[in-house]
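To start, the structure under review is shown below, and the notes come after it.
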Amino acid sequence: KKGRSGLLGLRFVRPRTDSVEEGPPKASLKLRIFLSLLSFCVGLFVFDFSLLYSTRQIHRVSLMENDTIVRIVTRNIIGNFREIKRPVSSVKSQYALARFPSNKPYLPIKVTDFSWFFSLDMKGHFPSKRQFDVFLHQPY
């Protein structure tokens with residue numbers, strides 16, 4: 001009999017040691033490692049981009065304290081609201097709402113303390129477009 005009897009009467013067979021298997025060729029192994037690293041990097045890029053996109057979308061813009069402070073509400077990474085309060089002079093928009101191109105879905109807004117632009121969806125509701133243009137339309 002080859003092997004020994006184990007739990008539940010199953011037989012365990014010892015592997016033969018007289019033949020040594022070399023495994024896959026080295027080129028195939030290098031290709032597998034490369035493809036694994038490439039897919040990991042692509043997945044990490046997609047994950048980071050989705051987190052960054054969600055934090056850049058503006059949920060609400062409002063003027064506070066005698067029109068001197070702009071409050072921008074966005075979402076943080078886990079989905080809760082995040083408020084950014086800055087003076088009006090530190091928030092700029094390249095386009096006025098009245099002259100914004102109709103083929104663009106988002107209005108870029110620059111806040112001086114951040115290295116990226118925030119995106120304001122143009123499908124939203126603007127109760128006072130003139131007030132937005134007066135306070136935030138300053139080319140950056």
Side-chain angles (χ1 to χ4, degrees):
K1 291 183 177 179
K2 294 181 182 177
R4 21 179 200 177
S5 201
L7 189 64
L8 301 174
L10 298 175
R11 292 187 178 246
F12 298 103
V13 179
R14 292 184 189 169
R16 293 178 57 183
T17 57
D18 56 346
S19 67
V20 178
E21 295 181 19
E22 294 182 13
K26 292 192 179 217
S28 173
L29 183 62
K30 287 181 181 179
L31 181 65
R32 282 190 209 167
I33 291 173
F34 172 74
L35 289 177
S36 297
L37 289 174
L38 180 68
S39 63
F40 176 76
C41 291
V42 168
L44 190 63
F45 173 76
V46 169
F47 178 72
D48 287 344
F49 185 74
S50 66
L51 291 180
L52 200 107
Y53 181 78
S54 65
T55 58
R56 290 181 51 206
Q57 286 297 102
I58 293 178
H59 180 69
R60 184 180 306 128
V61 177
S62 56
L63 289 170
M64 302 173 53
E65 300 176 15
N66 297 327
D67 298 335
T68 58
I69 302 288
V70 176
R71 181 179 73 148
I72 299 174
V73 179
T74 63
R75 297 213 182 248
N76 62 11
I77 292 174
I78 59 174
N80 297 331
F81 288 113
R82 173 179 72 154
E83 281 189 7
I84 301 167
K85 293 181 181 177
R86 298 289 186 267
V88 172
S89 61
S90 69
V91 179
K92 298 175 183 176
S93 172
Q94 184 177 13
Y95 299 101
L97 287 178
R99 287 183 245 116
F100 187 71
S102 61
N103 61 348
K104 295 187 178 184
Y106 298 105
L107 174 70
I109 292 180
K110 178 70 176 155
V111 179
T112 55
D113 297 342
F114 294 91
S115 60
W116 60 83
F117 289 87
F118 289 94
S119 299
L120 182 64
D121 190 4
M122 292 307 294
K123 295 178 185 173
H125 174 67
F126 297 97
S128 177
K129 289 185 178 186
R130 185 182 174 283
Q131 189 177 21
F132 181 88
D133 290 345
V134 166
F135 287 104
L136 295 183
H137 176 56
Q138 305 165 5
Y140 38 82

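Numbering of residues begins at 1 and proceeds along the displayed sequence.
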Look up atom [atom1] in [X] and atom [atom2] in [Y], then write down how far apart they are to the nearest 0.5 Å.
X      : Y      : atom1 : atom2 : answer
Ile58  : Ile84  : CD1   : CD1   : 8.0 Å
Leu37  : Leu44  : CG    : CG    : 12.0 Å
Ile72  : Phe114 : CD1   : CZ    : 8.0 Å
Asn80  : Thr74  : CG    : OG1   : 11.0 Å
Ile109 : Lys92  : CD1   : NZ    : 13.5 Å

*asked:* Under 4.5 Å between side-chain heavy atoms, counting indirect links through other Ile/Leu/Val/Met/Phe/Trp/Tyr residues: same cluster for Trp116 and Val111 or not?
replied: yes
Legend entry - Cluster check Phe117, Phe49: I/L/V/M/F/W/Y, side chain < 4.5 angstrom: no
Minimal heavy-atom distance between Gln57 and Ser119, with the atoms involved, is OE1-CB, 3.1 Å
Side chain proximity check, [X] to [Y], heavy atoms < 4.5 angstrom:
X      : Y      : answer
Val73  : Glu83  : yes
Asp113 : Ser90  : no
Arg56  : Tyr106 : no
Leu63  : Val70  : yes

